[in-house]
Amino acid sequence: MLGEGMSISAVSRVLGIPEGTVSCWLYREGKKLLEENEKKLRKLRKEKGLKGVKSISLDEMWTYVEARKGDKRNSCWIWTAVVDVGEGEKIVTFEVGKRDEETFLKAMGEDTFC
């Protein structure tokens with residue numbers, strides 16, 4: 001429900017539970033996601049030999065090409081990545097495609113780190 005834009009108080013009302021319970025759920029899930037991201041970052045450092053990677057910032061933007069309604073909907077997603085490799089050096093890359101893992105992995109592909 002939160003992923004669909006409902007507020008914590010709205011989720012609380014709909015489910016008939018305290019707002020604190022919804023907040024606890026969010027905190028626990030956020031903690032799991034943080035741990036998963038840290039695992040992926042460690043794996044990326046190991047696989048790519050990038051021991052100095054401090055952080056990776058990702059973003060996605062939606063746009064359309066020529067038509068945006070009905071059968072002719074031509075959605076495009078632009079993935080951007082900024083990799084902080086330390087000592088003030090950053091690598092910036094992007095990939096255009098669908099909103100899926102394949103496009104994300106292309107954005108984080110070999111060219112990013114060469």
Side-chain angles (χ1 to χ4, degrees):
M1 289 185 227
L2 292 164
E4 294 297 324
M6 291 179 70
S7 67
I8 290 175
S9 59
V11 172
S12 172
R13 280 192 308 276
V14 169
L15 296 179
I17 57 174
E19 288 183 24
T21 301
V22 178
S23 294
C24 284
W25 290 347
L26 280 173
Y27 176 78
R28 273 188 266 150
E29 291 305 310
K31 200 170 178 180
K32 286 181 196 175
L33 287 172
L34 184 60
E35 290 169 3
E36 186 64 30
N37 284 341
E38 287 296 322
K39 284 181 195 175
K40 289 181 180 183
L41 184 56
R42 283 193 300 271
K43 182 179 178 185
L44 185 62
R45 285 177 181 148
K46 184 178 178 182
E47 288 177 358
K48 305 291 184 179
L50 295 171
K51 305 221 183 295
V53 172
K54 304 284 185 213
S55 66
I56 300 174
S57 300
L58 300 168
D59 196 11
E60 58 185 0
M61 296 177 284
W62 174 81
T63 187
Y64 63 92
V65 179
E66 295 181 9
R68 60 181 186 166
K69 292 184 180 178
D71 294 338
K72 294 188 176 188
R73 185 178 182 123
N74 294 317
S75 294
C76 285
W77 288 85
I78 304 166
W79 292 79
T80 59
V82 178
V83 181
D84 182 355
V85 293
E87 298 180 18
E89 185 180 345
K90 294 185 185 334
I91 301 169
V92 180
T93 185
F94 72 94
E95 186 67 36
V96 178
K98 296 180 181 179
R99 188 179 192 216
D100 58 10
E101 188 173 4
E102 183 179 335
T103 306
F104 163 74
L105 292 173
K106 283 181 187 176
M108 298 304 297
E110 295 294 327
D111 294 342
T112 304
F113 306 105
C114 292

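Positions are given from 1, in the same order as the sequence printed here.
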Could you pull out the closest heavy-atom pair between E19 and S12, with the gap in Å?
-> N-OG, 3.5 Å

Rounded to the nearest 0.5 Å, what's the gap from CE on M61 to SG on C76? Could you check?
-> 11.5 Å

Single-linkage hydrophobic cluster L58~V96, side-chain heavy atoms < 4.5 angstrom = no

Test item: V22 and I17 side chains (from C-beta on) under 4.5 Å apart, heavy atoms | yes

Are K32 and E29 ion-paired here, with the side-chain N under 4.0 Å from a carboxylate O?
-> yes

Determine, using the 4.5 Å side-chain heavy-atom cutoff (strictly less than), whether V92 and I78 are members of one ILVMFWY cluster.
-> no

Taking all non-hydrogen atoms of both residues into account, name the closest pair between M6 and V14 and its distance.
-> CE-CG2, 3.6 Å

Treating Ile, Leu, Val, Met, Phe, Trp and Tyr as nodes and any side-chain heavy-atom pair under 4.5 angstrom as an edge, say whether W79 and I91 lie in one connected cluster.
-> yes

Please report the closest heavy-atom contact between D84 and E89, naming both atoms and the distance.
-> OD1-O, 3.6 Å

Distance col, row E95:CD vs E60:CD, nearest 0.5 angstrom, shows 13.5 Å

To the nearest 0.5 Å, tell me how far T21 OG1 sits from I8 CD1.
-> 11.5 Å

